[in-house]
J.: 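The structure follows.
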Amino acid sequence: MKYKLGVVGDPIEHSLSPQIHNIFSKQTNINIEYQLYHVFETSLDTFIKDFFDEGGHGLNITLPHKSNCLRSVTNASSLVNLIGAANTLHSKHQDEIFADSTDGIGLVEDLKDKCLITSANVLILGAGGSASSIIPDLDACKPRNIIIDNRSKHNLDKLVQRFSSAKEINSSILTLESFNEEIDLIINATSMGFSGTFSWNKDFKTNNETVFYDLSYSKNDNQTSFLNWASQFSDKYFDGFGMLIQQAAAAFELWTGVLPETKIRKSDLLND
């Protein structure tokens with residue numbers, strides 16, 4: 001059996017997903033065909049339905065389609081219903097397209113050997129879809145508090161209210177403005193710093209053990225601009241490459257039933 005898989009986005013040429021999943025395929029001896037699909041918003045619904053009608057087994061969904069893809073599915077996990085976005089689609093039964101999200105579990109798995117989330121004060125910078133996608137899995141680790149800050153107060157208040165009122169969330173969801181304790185883990189969920197330098201417009205308290213984590217990653221040995229900024233506060237900072245591998249592994253397991261090894265280095269993908 002060959003699994004027909006792929007990743008959908010606009011743009012998509014930058015994606016490392018084919019290389020990652022081909023490594024998983026070799027590890028597990030599972031035969032796959034994994035392709036990049038550059039799909040515009042106007043064609044997304046038709047593409048997704050045709051892909052699965054023609055025997056597709058699974059799709060990764062990347063920007064800007066993580067929310068809009070939900071219009072094309074027949075069912076979704078409780079996590080997807082909570083965050084309003086998906087990064088993985090799969091079909092195990094005829095006429096069913098199921099939506100799930102592996103971003104949050106990918107982050108938590110990568111953080112396991114980097115810091116302790118349980119009882120930690122976790123600050124998320126950003127209030128968009130990336131922040132939403134990681135809050136439930138962070139909450140499941142029982143942090144002391146989840147604090148959110150964002151440059152747009154409107155989007156910040158909307159996100160805090162949404163998760164504060166969600167029955168599935170047990171953590172205290174607070175704004176940085178209302179919080180005055182030390183932060184143990186700071187996560188960059190913004191797109192700031194992709195060009196130019198990173199900065200933040202509010203102060204916060206850190207300690208010698210504070211960990212900084214960027215959901216983004218660089219495709220070389222250079223640090224992201226967030227990590228350059230973070231280095232003035234701590235020597236414990238990491239980019240999101242490990243999360244990229246872990247979320248891909250979780251998706252591979254959803255499609256095939258097999259969880260692959262995740263010990264993949266940047267050089268395995270980027271120095272071809």
Side-chain angles (χ1 to χ4, degrees), residues 14 62-64 66-67 83-85 103-104 106-108 110-111 114-117 119-139 141 143-166 169 171-220 222-244:
H14 64 286
T62 190
L63 297 175
K66 289 188 176 185
S67 294
I83 66 178
D103 282 332
L107 170 65
V108 166
D110 190 43
L111 284 172
K114 295 177 172 66
C115 67
L116 187 66
I117 303 173
S119 300
N121 287 322
V122 180
L123 169 62
I124 300 172
L125 303 179
S130 295
S132 295
S133 69
I134 61 175
I135 289 174
D137 286 283
L138 288 171
D139 169 69
C141 297
R144 185 173 179 184
N145 297 287
I146 295 177
I147 308 101
I148 308 173
D149 196 32
N150 190 58
R151 290 179 182 264
S152 162
K153 190 173 187 309
H154 172 73
N155 291 343
L156 173 63
D157 291 344
K158 199 163 129 185
L159 187 69
V160 169
Q161 182 178 6
R162 176 180 175 188
F163 283 100
S164 294
S165 60
I169 301 297
S171 302
S172 298
I173 308 293
L174 307 168
T175 64
L176 181 59
E177 195 173 49
S178 64
F179 191 79
N180 201 37
E181 297 178 29
E182 289 186 339
I183 306 293
D184 302 297
L185 170 63
I186 299 174
I187 299 171
N188 176 36
T190 76
S191 58
M192 288 178 56
F194 282 135
S195 58
T197 58
F198 184 95
S199 63
W200 202 249
N201 61 343
K202 294 191 189 76
D203 294 327
F204 43 79
K205 295 179 179 178
T206 60
N207 56 57
N208 293 334
E209 298 299 312
T210 299
V211 171
F212 290 75
Y213 191 98
D214 195 346
L215 298 187
S216 303
Y217 61 93
S218 63
K219 287 194 171 185
N220 49 42
N222 295 331
Q223 292 180 166
T224 65
S225 58
F226 171 78
L227 296 188
N228 284 329
W229 172 81
S231 65
Q232 67 186 296
F233 305 103
S234 172
D235 59 0
K236 297 181 178 180
Y237 45 85
F238 308 92
D239 73 7
F241 182 78
M243 172 183 171
L244 173 72

J.: Which heavy atom of Leu215 sits nearest to which heavy atom of Met243, and what is that distance?
T.: CD2-SD, 3.6 Å
J.: Taking all non-hydrogen atoms of both residues into account, name the closest pair between Ala120 and Pro143 and its distance.
T.: O-CB, 3.3 Å
J.: For the CZ atom of Phe163 and the OG atom of Ser172, what is their distance to the nearest 0.5 Å?
T.: 15.0 Å
J.: Is the side chain of Lys66 donor-acceptor paired with the backbone N or O of Ser133 at a distance under 3.5 Å, no angle test?
T.: no
J.: Tell me if the CZ atom of Arg144 is crowded by more than 12 foreign heavy atoms within 6.0 Å.
T.: no
J.: Is it true that atom CG of Asp203 has more than 12 heavy atoms of other residues, nucleotides or ligands lying nearer than 6.0 Å?
T.: no
J.: Which value, rounded to the nearest 0.5 Å, describes the distance between Ile173 atom CD1 and Leu159 atom CG?
T.: 8.0 Å
J.: Whether the side chain of Asn145 engages the backbone of Ile147 through a donor-acceptor N/O pair (distance < 3.5 Å, no angle test) should be reported.
T.: no
J.: To the nearest 0.5 Å, tell me how far Leu244 CG sits from Asp103 CG.
T.: 9.5 Å
J.: How are the rings of Phe212 and Phe204 set relative to one another: parallel (under 30°), tilted (30 to 60°) or perpendicular (over 60°)?
T.: tilted
J.: Over all heavy atoms of both residues, which pair between Ile169 and Pro136 is shortest? Give the atoms and the distance, please.
T.: CD1-CA, 4.0 Å
J.: Please check if the number of heavy atoms outside Gln161 that lie under 6.0 Å from its CD is greater than 12.
T.: no
J.: Indicate the atoms forming the closest heavy-atom contact of Arg151 with Trp200, along with that distance.
T.: NH2-CA, 3.5 Å
J.: Going through the checks in order, is the side-chain contact (heavy atoms from CB on, under 4.5 Å) test met by Thr206 and Ser234?
T.: CA-CA 9 Å; Thr206 60; Ser234 172; over 6 Å; no
J.: Give a yes or no answer on whether the side chain of Asp239 reaches the backbone of Ser216 with a donor-acceptor pair at less than 3.5 Å.
T.: no
J.: For the residue pair Phe241 and Tyr217, categorise the inter-ring angle as parallel (less than 30°), tilted (30 to 60°) or perpendicular (more than 60°).
T.: perpendicular
J.: Does any non-hydrogen side-chain atom of Phe179 lie less than 4.5 Å from one of Asn121?
T.: yes
J.: When rounded to the nearest 0.5 angstrom, what distance separates CD in Glu182 from CG in Asn208?
T.: 9.0 Å
J.: So which of Leu138, Leu123, Asp214 actually passes side-chain contact (heavy atoms from CB on, under 4.5 Å) with Ile187?
T.: Leu138
J.: Enter the distance from Ile186:CD1 to Lys236:NZ here, rounded to the nearest 0.5 Å.
T.: 13.5 Å
J.: Within the distance-only criterion (no hydrogens, no angle test), does the side chain of Asn150 pair as donor or acceptor with the backbone N or O of Ala127 below 3.5 angstrom?
T.: yes
J.: Does the Ser67 side chain pair with the main chain of Gly84, one donor and one acceptor, at a distance under 3.5 Å?
T.: yes
J.: Go through it in stages, so that I can follow the logic: the residues are Asp110 and Tyr213, the test is side-chain contact (heavy atoms from CB on, under 4.5 Å), and I'd like the CA-CA distance, side-chain angles, deciding distance and then a yes or no.
T.: CA-CA 10 Å; Asp110 190 43; Tyr213 191 98; 2.6 Å; yes
J.: Under 6.0 Å from the NZ atom of Lys114, do we count more than 12 heavy atoms belonging to anything else shown?
T.: yes
J.: Looking only at atom types and distance, does a side-chain atom of Thr190 sit under 3.5 Å from a main-chain N or O of Leu125, one as donor and one as acceptor?
T.: no
J.: Could you go through the side-chain contact (heavy atoms from CB on, under 4.5 Å) check for Asn228 and Thr197 one step at a time?
T.: CA-CA 8 Å; Asn228 284 329; Thr197 58; over 6 Å; no
J.: Report the C-alpha distance between Trp229 and Asn188 in whole Å, list the side-chain angles of each, state the deciding distance to 0.1 Å, and finish with yes or no for side chain to side chain donor-acceptor pair (under 3.5 Å).
T.: CA-CA 11 Å; Trp229 172 81; Asn188 176 36; over 6 Å; no
J.: With rounding to the nearest 0.5 Å, note down the distance linking CG in Leu107 to CD1 in Ile117.
T.: 6.5 Å
J.: Let me know which of Leu174, Ile124, Leu156 forms a side-chain contact (heavy atoms from CB on, under 4.5 Å) with Asp149.
T.: Leu156
J.: Please find the pair of heavy atoms, one from Gly126 and one from Ile148, that lie closest to each other, and give the distance.
T.: O-CG2, 3.5 Å
J.: Under the side-chain contact (heavy atoms from CB on, under 4.5 Å) rule, what do Ile135 and Ile83 come out as? Steps first, then yes or no, please.
T.: CA-CA 9 Å; Ile135 289 174; Ile83 66 178; over 6 Å; no
J.: Provide the closest heavy-atom pair for Asp184 versus Ser119 in the form atom of the first, atom of the second, distance.
T.: OD2-O, 4.5 Å
